[in-house]
Amino acid sequence: MRFSHSYLLLGAVLGLAACESNTTKQPETAASTTTTTSADSTKYLSQPLVRDIYTADPSAHVFNGKIYVYPSHDIETGMPENDNGDHFAMRDYHILSMDSVGGKVTDHGVALDVKDVPWAKRQMWAPDAAFKNGTYYLYFPVKDKQDIFRIGVATSTSPTGPFKAEPQPIKGSYSIDPAVFTDTDGKTYMYFGGIWGGQLQRWRTAQYDSTIAPSQPAQEVAIGPRVATMSADMKEFAGPVKELQILGKDGKPLLAGDTEKRFFEGIWMHKYNGKYYLSYSTGDTHLLVYATSDSPTGPFTYQGVIMEPVQGWTTHHSIIEKDGKWYIFYHDTQLSDKTWLRNVKVTELQRNPDGSIQTIKPMK
């Protein structure tokens with residue numbers, strides 16, 4: 001997601017070919033102004049999906065047999081970096097599409113702008129999307145007039161928008177990184193939350209408390225992501241927001257000091273062979289990890305690392321199945337080498353016979 005510093009961390013794997021976009025260039029964010037030599041490109045497992053704008057936090061879905069990606073749209077604002085992520089001052093969303101992984105990528109332009117959300121003030125961070133009832137839903141976190149993150153919803157008759165926002169945020173919503181999952185029984189859940197700049201730690205009670213420090217004492221049980229069942233119209237929570245429990249393999253809750261396993265932000269849910277896979281970013285240790293459960297509301301048991309650190313401070317992903325293969329969409333900073341100007345990528349996700357996920361090395 002979105003904090004300061006810029007890491008360069010190396011792993012080992014081969015490079016894949018780049019996909020180019022047919023987007024309209026935007027000078028203030030034109031990734032095409034940053035040249036990358038072929039030698040540099042070979043450092044990376046995969047190449048950016050688009051180069052004319054900066055994109056991050058990709059939420060990918062398959063609608064009507066086609067892949068749609070709902071990313072953040074990074075821009076250069078000149079704001080100084082800080083650990084609250086104020087320099088991640090995104091103002092709108094673009095939607096990308098492709099018929100298949102490796103195929104032509106289309107940028108469908110602005111689908112929703114912050115100025116068209118009546119209650120919003122600033123910072124349109126990582127969104128997600130869903131389809132139900134013949135309608136496409138775009139879920140997005142943005143700070144309200146009091147600078148508190150809430151989650152909004154906008155609707156469209158098309159997966160590429162434009163989307164029209166509801167006049168108020170979802171009642172009872174807070175923090176960031178919504179991920180919406182519809183189970184095989186038709187029930188839909190929203191998973192969300194992120195600590196530090198994502199403000200989740202400030203919701204220890206039903207009231208927002210701006211005085212709470214970003215980091216927990218190491219021996220406290222780690223703050224967990226949140227889940228809520230969605231209403232029939234997909235615009236509200238149908239029940240109370242609950243905290244998900246993530247356990248170690250010893251059956252004990254993960255602690256705040258276990259920074260290579262505990263939840264930080266960037267949650268995603270997918271289902272494979274009847275098992276629920278909850279994946280997320282560990283934030284300041286820059287890993288994508290996962291936990292599994294027999295229930296969509298947990299408790300979940302930590303299983304391992306999906307992806308080693310990418311280039312850049314943040315890491316955020318989504319996982320989909322297409323044509324019998326599984327793929328992970330993620331981002332790094334290949335085009336800009338600036339942690340707030342990122343680019344979306346995709347690579348295949350491999351599993352072992354027991355369903356466990358093989359660890360991906362995004363760089364050599």
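Sequence positions, counted from 1, serve as the residue numbers for this chain. Just so you know, these numbers use all the heavy atoms, side chains as well, and skip hydrogens, waters and symmetry mates.
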Next on the checklist: Please check: side-chain N/O of S295 versus main-chain N/O of T297, any donor-acceptor pairing under 3.5 Å?
Outcome noted: yes
Checklist entry - Considering all heavy atoms of both residues, which atom of S46 and which atom of Q334 are nearest to each other, and what is their separation? => result O-OE1, 3.8 Å
Item to check | Atom pair CD/CG of Q123 and D144 - distance to nearest 0.5 Å | outcome: 11.5 Å
Checklist entry - Hey, quick one: are L278 and L247 part of the same hydrophobic cluster, counting side-chain heavy atoms closer than 4.5 Å, chains of contacts allowed? => result no
Checklist entry - How about K66: does its NZ atom have over 12 heavy atoms from other parts shown lying under 6.0 Å from it? => result yes
Checklist entry - Is the backbone of A256 close enough, under 3.5 Å, to the side chain of E220 for a donor and an acceptor to pair up by distance? => result no
Checklist entry - For the residue pair W313 and H331, is the inter-centroid distance of their aromatic rings smaller than 6.0 Å? => result no
Checklist entry - Looking at Y280 versus W268, is the centre-to-centre ring distance below 6.0 Å? => result no
Item to check | Inter- and intrachain pairs under side chain to side chain donor-acceptor pair (under 3.5 Å), touching residues 242-260, at least two apart | outcome: none
Item to check | Cation over ring face, R351 and Y277, 6.0 Å, 45° | outcome: yes
Checklist entry - Can you tell which of W119, F140, Y174 makes a side-chain contact (heavy atoms from CB on, under 4.5 Å) with P169? => result W119
Item to check | Distance-only donor-acceptor check, side chains N133 and T135, under 3.5 Å | outcome: no
Checklist entry - Ring centres of W340 and F88 under 6.0 Å apart? => result no
Item to check | Under 3.5 Å donor-acceptor, Q201 side chain and W196 backbone | outcome: yes
Checklist entry - Taking a hydrophobic cluster as the set of Ile, Leu, Val, Met, Phe, Trp and Tyr residues connected by side-chain heavy atoms closer than 4.5 Å, whether directly or through intermediates, do V62 and F329 fall within one such cluster? => result yes
Checklist entry - With K275, which residues qualify under salt bridge (Lys or Arg N to Asp or Glu O under 4.0 Å), at least two apart? => result D294
Item to check | For Y136, the option from Y68, Y70, F163, F131 that meets ring-ring contact (aromatic ring centres under 6.0 Å, His included) | outcome: F131
Next on the checklist: Evaluate W125 against F149 for ring-ring contact (aromatic ring centres under 6.0 Å, His included), listing each step before the verdict.
Outcome noted: CA-CA 10 Å; W125 283 7; F149 271 113; 4.6 Å; yes
Next on the checklist: I'd like to know if R342 and D332 make a salt bridge, using a cut-off of under 4.0 Å between side-chain N and carboxylate O.
Outcome noted: no
Item to check | Basic-acidic side-chain contact under 4.0 Å: R122, D86 | outcome: yes
Checklist entry - Does Y272 belong to the same Ile/Leu/Val/Met/Phe/Trp/Tyr cluster as L288, with side-chain heavy atoms less than 4.5 Å apart forming each link? => result yes
Checklist entry - Is it true that a side-chain atom of T333 and a backbone atom of Q311 form a donor plus acceptor pair closer than 3.5 Å? => result yes
Next on the checklist: Could you tell me if R226 sits above the aromatic ring of Y191, with its cationic atom closer than 6.0 Å to the ring centre and no more than 45 degrees from the axis?
Outcome noted: no
Checklist entry - With a 4.0 Å cut-off, would you call D183 and K271 a salt bridge? => result yes
Next on the checklist: Check whether K322 reaches the backbone of G65 with its side chain - one donor and one acceptor, N or O, closer than 3.5 Å.
Outcome noted: yes
Checklist entry - Does E166 have any salt bridge (Lys or Arg N to Asp or Glu O under 4.0 Å) partners at least two apart in sequence or in another chain, and if so, which? => result K235
Next on the checklist: Taking the ring of Y276 and the ring of F300, is the distance between their centroids below 6.0 Å?
Outcome noted: no
Checklist entry - Under 3.5 Å, is there a donor-acceptor pair between the side chain of R262 and the main chain of I223? => result no
Checklist entry - Do you reckon I246 sits in the same ILVMFWY cluster as V221, going by side-chain contacts under 4.5 Å, direct or chained? => result no
Item to check | Donor-acceptor contact below 3.5 Å, side chain S336 vs main chain K338 | outcome: yes
Checklist entry - Same hydrophobic cluster for W326 and Y330, using side-chain heavy-atom links shorter than 4.5 Å among ILVMFWY? => result yes
Next on the checklist: With a 3.5 Å distance limit and no angle check, can you tell me whether K145 reaches the backbone of A120 through a side-chain donor-acceptor pair?
Outcome noted: yes
Checklist entry - Can you find a heavy atom in the side chain of I319 that is under 4.5 Å from one in the side chain of L349? => result yes
Item to check | R150 and V142: CA distance, side-chain angles, deciding distance, side chain to side chain contact (heavy atoms under 4.5 Å, CB included) verdict | outcome: CA-CA 6 Å; R150 304 287 184 179; V142 62; over 6 Å; no
Item to check | N/O donor-acceptor pair under 3.5 Å between T55 side chain and P71 backbone | outcome: no
